[in-house]
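Shown next, in structure tokens, is the structure this report addresses.
As a basis for the values below, the full set of heavy atoms in this structure was taken, side chains included, without hydrogen atoms, waters or symmetry mates. Sequence lines set the chain letters: A, B, ... in the order given, protein chains first and strands last, and positions in each chain run from 1.
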Protein chains: 2
Amino acid sequence: MADDLETSAKRQKTEQIFRVTVKAPINIAVIKYWGKRDEELILPLNSSLSATINLDELCTTTTVVARRDNPQDSLWINKREQPIAESPRIQKCISKVRQLAKENSPERWQELRNYGLCIYSKNNFPTAAGLASSASGYACLVLALSKLYHLDMELSSIARQGSGSACRSMYGGFVKWEAGCRPDGTDSIASQIVDEKHWSTLRILILVINDERKANPSTSGMRRSTETSELLQFRAQKCVPKRMENITKAIKERDFHTFAEITMKDSNQLHAVCQDTYPPITPPYMNSTSHLVVQLVTAYNNNHGNNKVAYTFDAGPNSVLFTQEGDLPELVALIKHFFPPASGKSFVQGIPIPDSGIEKGLLNAIGMDPNPSSIKYVISTKVGRGPILINDNKDHLLDATGNPFE
Amino acid sequence: MADDLETSAKRQKTEQIFRVTVKAPINIAVIKYWGKRDEELILPLNSSLSATINLDELCTTTTVVARRDNPQDSLWINKREQPIAESPRIQKCISKVRQLAKENSPERWQELRNYGLCIYSKNNFPTAAGLASSASGYACLVLALSKLYHLDMELSSIARQGSGSACRSMYGGFVKWEAGCRPDGTDSIASQIVDEKHWSTLRILILVINDERKANPSTSGMRRSTETSELLQFRAQKCVPKRMENITKAIKERDFHTFAEITMKDSNQLHAVCQDTYPPITPPYMNSTSHLVVQLVTAYNNNHGNNKVAYTFDAGPNSVLFTQEGDLPELVALIKHFFPPASGKSFVQGIPIPDSGIEKGLLNAIGMDPNPSSIKYVISTKVGRGPILINDNKDHLLDATGNPFE
């Protein structure tokens, strides 16, 4: 059973619970974050905007337990205990929350002063899928800690300091992260544009792409782009502000064609900036299958005369597609046709999609050859709510003394 | 036997020859031309700079015959007769040269006034290799016509109107094409920076890459970039002018490290702009093998601590590498190791290169898997001279009456 954060927070305050579990969503940027103006505070060169992904399909769950008997903090991620000293960003988030508690919730801070924290975090999706989990991970951690310390305030700027895009996972629906301009970063915060119910016909497919190449970390690529790409500076200053304004309008008006155009243009521009980085980011984030997905979407939209689908790519080969409910069956049929799976079993996971045929004329118009086994599987999902607090005892990941259940 | 153009021109004037044969080189841009400010006159958004490629390895040969008995113009390209009405740019070049002749060489113009032109043009490399031949083709045509009409003047602005980069094929060595700013394009001309003897240790490898994808014409891609890429406008105005200045200095000083860095950065930026184009250019010009070549060169330079090799890519997957003579044997050994040919026979064509081993430590440092058969063959070449006039009878492609020999 899950409560909204506020209701639960009130209840917890009276119950004096020392164990908190939170589920937080991943988010997919349609206006991309790439480049920092401050590495230490994680302040971005430009504002960005994302869709929060439905928790049922993809989320991180984190349980935090405060234990009296041991003042040491400890950490498990996906079943493995990890020395917390090796995770400076997690330590930073913990100490920022403790600092806030000291100032804003001094009684509770005093009470927990000598307690150690046990933190257990896990994702409901395989790490190997290459779906970024740091956003949901840090959002989860910061919210769980804030509930433990009875904090009720803007926390996205703390999540941001764990992983930039984590600040956008603090809310549901469509969320913007303002670049801000203050050197201390206090104006670089996330906020909701519309909630998850606003555009209910919008649907999302995540194409998990087979990639045998060594993965390429985004942090170093982003740093090198900031240092060497002149195009990135121009993008951040001149291109993104207009796009933020126009895509916000398109989302509010549920104007899919415009939303799709800006989404695709901004994904293109992120990868253009990566291509402009020197020395180059090798291998490039998008692989040959990614480019075939672009080709399929371009040909499909072109054949239709306006945008039925939008693609977007982050620092890896996986593709995220946005479309509208009515167009989903045909789109999935096209994906199955041009990227036939190695085995039909559970190729499409998540929200069920009705079968559909494809007109032969459409296949000819797209004019691509099928590329078997290049897409591992597809996750069918939608825009979802923000993080939730878990009250059901069986959903905690740690027992009351801080020992993992699994 | 070949003369320099000037000597031959004097001789021809007295001999009143009605048949002219010219060989012209291709060129490889290190500062790229991408985007037109005037589609009709072919005026570029930015200046560009190229290396002229040695004629022995790659060139176009064109014979032009003026025949009295038939006023029709006719055209053969690579053994096939083509209706000249279907080649508006060739017609345009012919009529521009005739116009110049009327103004500057009126006697000769009057003499040839009722003559038809037979034009035969062929490349010494397979069209299927994907090496752009329009530059050498138009340079050849314009020069052959100018000799026929006894013109002795700046002609790169006419070649430019056949194919933009053709103006750079009018000279040897390193050549710049000034963007110019006049609306009539009279200041958008090519000129030599240094001749082919200036940097004699510089060597060039052209990697002809296997590509099963449908080729993507550069003209439409360039037009779409001009119309839709905001990054292209910034590149043309802000990035290229500095690069032109710096690479010219590096070439004059034979500073390979800097030359290589600017060359690679500008190739990266061309493909960044293509990636920023909307709708996207599909498939992208660079394929997965192209990106592996980038990866190899990056790892090799990185291992060495400064640049031993530079890559550059145009509107296709083929890679052109610049290096210095002393580093060539090891580089070729690396290429053979990481891109082993389907058959060893004539994998490396052109200027012979001594065999070399590779230290095991270097292979490990590069850390890539071999990719068999992804490179078809390699052309070993260097910077070469400009176009030449052919005087040997056996080298003409048409007999004196305009009939093809083959």
Aromatic ring pairing B:W199/B:F174, orientation class (parallel under 30°, perpendicular over 60°, tilted between): tilted

Pair B:R235 + B:D266: basic N to acidic O under 4.0 Å: yes

CG on A:L202 to CZ on A:F256, rounded to 0.5 Å: 6.5 Å

Among the listed options A:H271, A:E261, A:R213, A:K214, the residue most often paired with chain B at heavy-atom distances under 4.5 Å: A:E261

Partner chain A: residue of B:S288, B:P283, B:S229 with the largest heavy-atom pair count (under 4.5 Å): B:P283

Chain A contact via B:T228 - which portion, at a heavy-atom distance below 4.5 Å: neither

Polar side-chain atom of A:N46 near backbone of A:P44 as donor-acceptor pair, under 3.5 Å: no

Contact origin within B:P284 toward chain A - heavy atom pairs under 4.5 Å: side chain

Heavy-atom pair count under 4.5 Å with chain A, highest-scoring of B:A272, B:A299, B:C239, B:S267: B:A272

Pairwise side-chain contact, A:T226 with A:L45, heavy-atom cut-off 4.5 Å (strictly under): yes

Pick from B:P280, B:P279, B:G367, B:C274 with the largest number of heavy-atom pairs that fall under 4.5 Å of chain A: B:P280

